[in-house]
Structures are given as C-alpha cells and as structure tokens.
Novice: 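Mind having a look at this structure? Questions to follow.
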Amino acid sequence: MFPSNFYSPVENLDFPLFQQKGLTVHVKRDDMIHPFISGNKWRKLKYVLQAARDGNKNHLITFGGAWSNHLLATACAGAKFGFKTTAFVRGETVSNANLSLSKVFGMELIFTDRTTYKDKLALYNRYFEQDTQAYFIDEGGHGVDGARGCGEIFDELEQVYDHVFCACGTGTTLAGLHMGKTRKGLNTLLHGIPVLAGGDFIQQAVTELYPEAASHDIILHTDYHFGGYAKTTPELTDFINGFCAKTGILIEPVYTGKLFYGVFDLTSKDYFQRGENILIIHTGGLTGILGMHAQFENKK
Ligand SMILES: *Cc1c(COP(=O)(O)O)cnc(C)c1O
C-alpha cells in the first residue's frame, strides 16, 4: 500500500554554534514525505493500515484533539488508500483548519466531551461494536505497528550517527527508533524530547512497546516542554522564527520547535563531545502552526 520510494532527504544544518563546538548536525526531513500524512504519522500508519487491510476492514476509527496531526494524517491516508474514516474528537464542538482539512478528506467527526473521551475502547464499542468493517486505531497512532514503521528510518540512513533526536508525544516514534537501531546493531544513543510536562513516563511507554529496549540506551530531556503540551513561550516562538528564517525549514511550537530548541540548548551547554555527529528527526506536523499563527504575527 504505502510506497517505499518516498522523499525524505537528510540535510546538513549549518549554524556557527555547531561549528564552534565541532559538531556535525543533520536533519532527516520526514516532514517532506507528504504534506498531510506527515512525518512520523506516515511511518506509524504504514503497518497499522496494512493490518486493517489484512483483516479486511475498510473503516478506520481513531481519536485525537482538535489540532491532532494524527487525525488529518488518518483522514488523508484513508482517502488515499480506500478506507472510510471516523474520528472521535476530544472536547466541545469546534471548527478549525485541521478539522476542516480532515473533513475535506472525507473523515466523519464525532465530538466527545473530555470525560467520555477518556475510555476510548468503551466509545469505540458503543458506536462500532456492530460494524464488522471497523478498525480501532489508538490516539496518535500509538502502538507496536506504529513503532515498527518508525524503525525503518534507520534503513534509510547512509551513515552512522552518535546521537539521534526526536520529539516525543506517546513515545511510539522513539520506541520504533530503538527497534531500528537494535536491528542494525548500532551503538547510536537515542534522545527523546518529551513535549508534555512530566515526560519521564516516555521511558515506560517505550518499554511497553518494545520490551527488549535497554533503558540506558534512551536519554530523555524532560525540561523542554515549555509549560506542557501545546504550550509555548515568547522564547520558544523567537527561537522558531529565527530558525525558520535562517534555514527555510519550517518547524512549529508543539513538537519540532521544542525538539530543535533542545538540541541547540544542549549544544550551547557543551553536552556533546567535539567531533560527534547528530541527527535530528523532523517528524513533520506543520499544520499545527496554523492554529498558532496569531502568536507569531504579533511578534512583528
Ligand atoms: C504526533 C507527533 C509526534 C509524537 O510522536 P510519538 O510517536 O507519539 O511520540 C512528534 N512530532 C510530530 C510532528 C507529531 O505530529
């Protein structure tokens, strides 16, 4: 189903700070895989949709907040590969660019109050127990099938890196990176930047998806959440503006802004050794910035 010849180049990040510290820093441009099935969502959905197809299910049911990149990715992938899609959206009825795009791709939305939303399986059963075509996809594409797809990043790399960084929401991408690096027998250190406060839970989330994961192989930097999920500060938006204006690479405040900020901050604090090389996974999700454009414009 998912073609394997998509475009995700590796680019050098040429900043004086990295030169000063003797580091080579590259970005894996998974944001370029697809505009709407973006980044890690493409990788996560690959084996999830394959499993749905293998089970002869043609109706994808999933969950997310109103700005969820996963909802839009599932809507678009469903359209592309011939599935009907329905999503439970957390919270009161709203309209925004992300949900409008999801509807354009044919997704049906069911707004669900926050308490009811918590028990996803109960919701699924209440609406779709009788639907023999329905296939449950967890929020954010969380799960072992999702992780497996993310592990394939390592198959595409032409060199070995000392450090690989990604942003973490559920930890599925990080678990997948661990699978990939282990399969390749690499000593690369994996780093996660949790975008939620209290990000230590990611360690356990990774172990649940990949029990063979050696915990010392993963380093979580839990101080770059800027107040919590989807929270931002003027310092973060300034950083994002500066980075985008210098590189032509778009990052956003929910995930990748925090990720790149973290790598720059660790670099300036001499966290890395001279001569090391670092790969940052750009996990995409750029429509998120549409919900925050006012904060960026006000700065000018
Ligand atoms: C969904 C998302 C993540 C979170 O990935 P997990 O596998 O849930 O940790 C990271 N970055 C972007 C851009 C995302 O859209």
Side-chain angles (χ1 to χ4, degrees), residues 8 27-48 62-77 87 90 98 101-102 137-153 164-180 190-196 198-210 213 218 220-222 224-226 228-230 232 240 244 249-263 280-292:
S8 168
V27 187
K28 174 78 165 150
R29 297 289 309 273
D30 272 9
D31 56 312
M32 292 172 76
I33 294 178
H34 192 283
F36 305 114
I37 317 172
S38 179
N40 63 353
K41 302 303 184 278
W42 172 284
R43 297 194 184 271
K44 289 202 240 186
L45 285 171
K46 179 177 176 182
Y47 290 107
V48 172
T62 197
F63 306 82
W67 279 103
S68 161
N69 296 320
H70 167 71
L71 287 196
L72 178 55
T74 305
C76 185
R90 185 180 61 238
N98 191 59
L101 281 172
S102 301
I137 304 178
D138 202 355
E139 186 175 47
H142 171 250
V144 175
D145 284 336
R148 211 177 125 209
C150 295
E152 294 181 349
I153 287 174
V164 171
F165 276 79
C166 73
C168 300
T170 65
T172 304
T173 304
L174 190 57
L177 288 172
H178 203 317
M179 292 173 182
L190 299 178
H191 301 260
I193 308 263
V195 301
L196 301 88
D200 287 314
F201 78 91
I202 296 288
Q203 188 76 56
Q204 197 188 335
V206 168
T207 317
E208 273 166 22
L209 293 173
Y210 185 51
I218 287 180
L220 295 173
H221 304 275
T222 54
Y224 296 111
H225 57 76
F226 290 86
Y229 183 72
T232 178
I240 291 171
C244 297
I249 299 174
L250 191 60
I251 56 175
E252 46 67 51
V254 183
Y255 293 103
T256 49
K258 295 177 182 182
L259 166 69
F260 282 83
Y261 183 100
V263 176
I280 306 174
I281 313 290
H282 191 320
T283 39
L286 296 169
T287 45
I289 207 166
L290 298 175
M292 296 191 170

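Just follow the structure's listing: the first ligand is 1, and inside any ligand the first atom is 1. These numbers come from a predicted model, not from an experiment.
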Novice: Using the test salt bridge (charged side-chain N to carboxylate O under 4.0 Å, His left out), find all partners of R29 that sit at least two apart in sequence or belong to another chain.
Specialist: E11, D31

Novice: Side-chain contact test, heavy atoms from C-beta onward, threshold under 4.5 Å: evaluate it for K41 versus I33 and give yes or no.
Specialist: no

Novice: Students often mix this up, so state it plainly: with edges at 30° and 60°, are the rings of F226 and Y261 parallel, tilted or perpendicular?
Specialist: perpendicular

Novice: For K258, enumerate each residue passing the salt bridge (charged side-chain N to carboxylate O under 4.0 Å, His left out) test, keeping only those at least two apart in sequence or located in another chain.
Specialist: none

Novice: Please work out which of the three classes, parallel, tilted or perpendicular, describes the rings of Y229 and Y255, given edges at 30° and 60°.
Specialist: perpendicular

Novice: Mind listing the N or O contacts between ligand 1 and protein, cut-off under 3.5 Å?
Specialist:
residue  : atom   : partner : partner atom : Å
ligand 1 : 5 (O)  : N40     : ND2          : 3.0
ligand 1 : 7 (O)  : K44     : NZ           : 2.8
ligand 1 : 7 (O)  : T172    : N            : 3.4
ligand 1 : 7 (O)  : T173    : N            : 2.8
ligand 1 : 7 (O)  : T173    : OG1          : 2.7
ligand 1 : 8 (O)  : K44     : NZ           : 3.1
ligand 1 : 8 (O)  : T170    : N            : 2.8
ligand 1 : 8 (O)  : T170    : OG1          : 2.6
ligand 1 : 9 (O)  : G169    : N            : 2.8
ligand 1 : 9 (O)  : T170    : N            : 3.1
ligand 1 : 9 (O)  : G171    : N            : 2.9
ligand 1 : 11 (N) : T283    : OG1          : 2.7
ligand 1 : 15 (O) : K41     : NZ           : 2.8
ligand 1 : 15 (O) : N69     : ND2          : 2.8

Novice: Considering residues at least two apart in sequence or located in another chain, which fulfil the salt bridge (charged side-chain N to carboxylate O under 4.0 Å, His left out) criterion with E152?
Specialist: K46

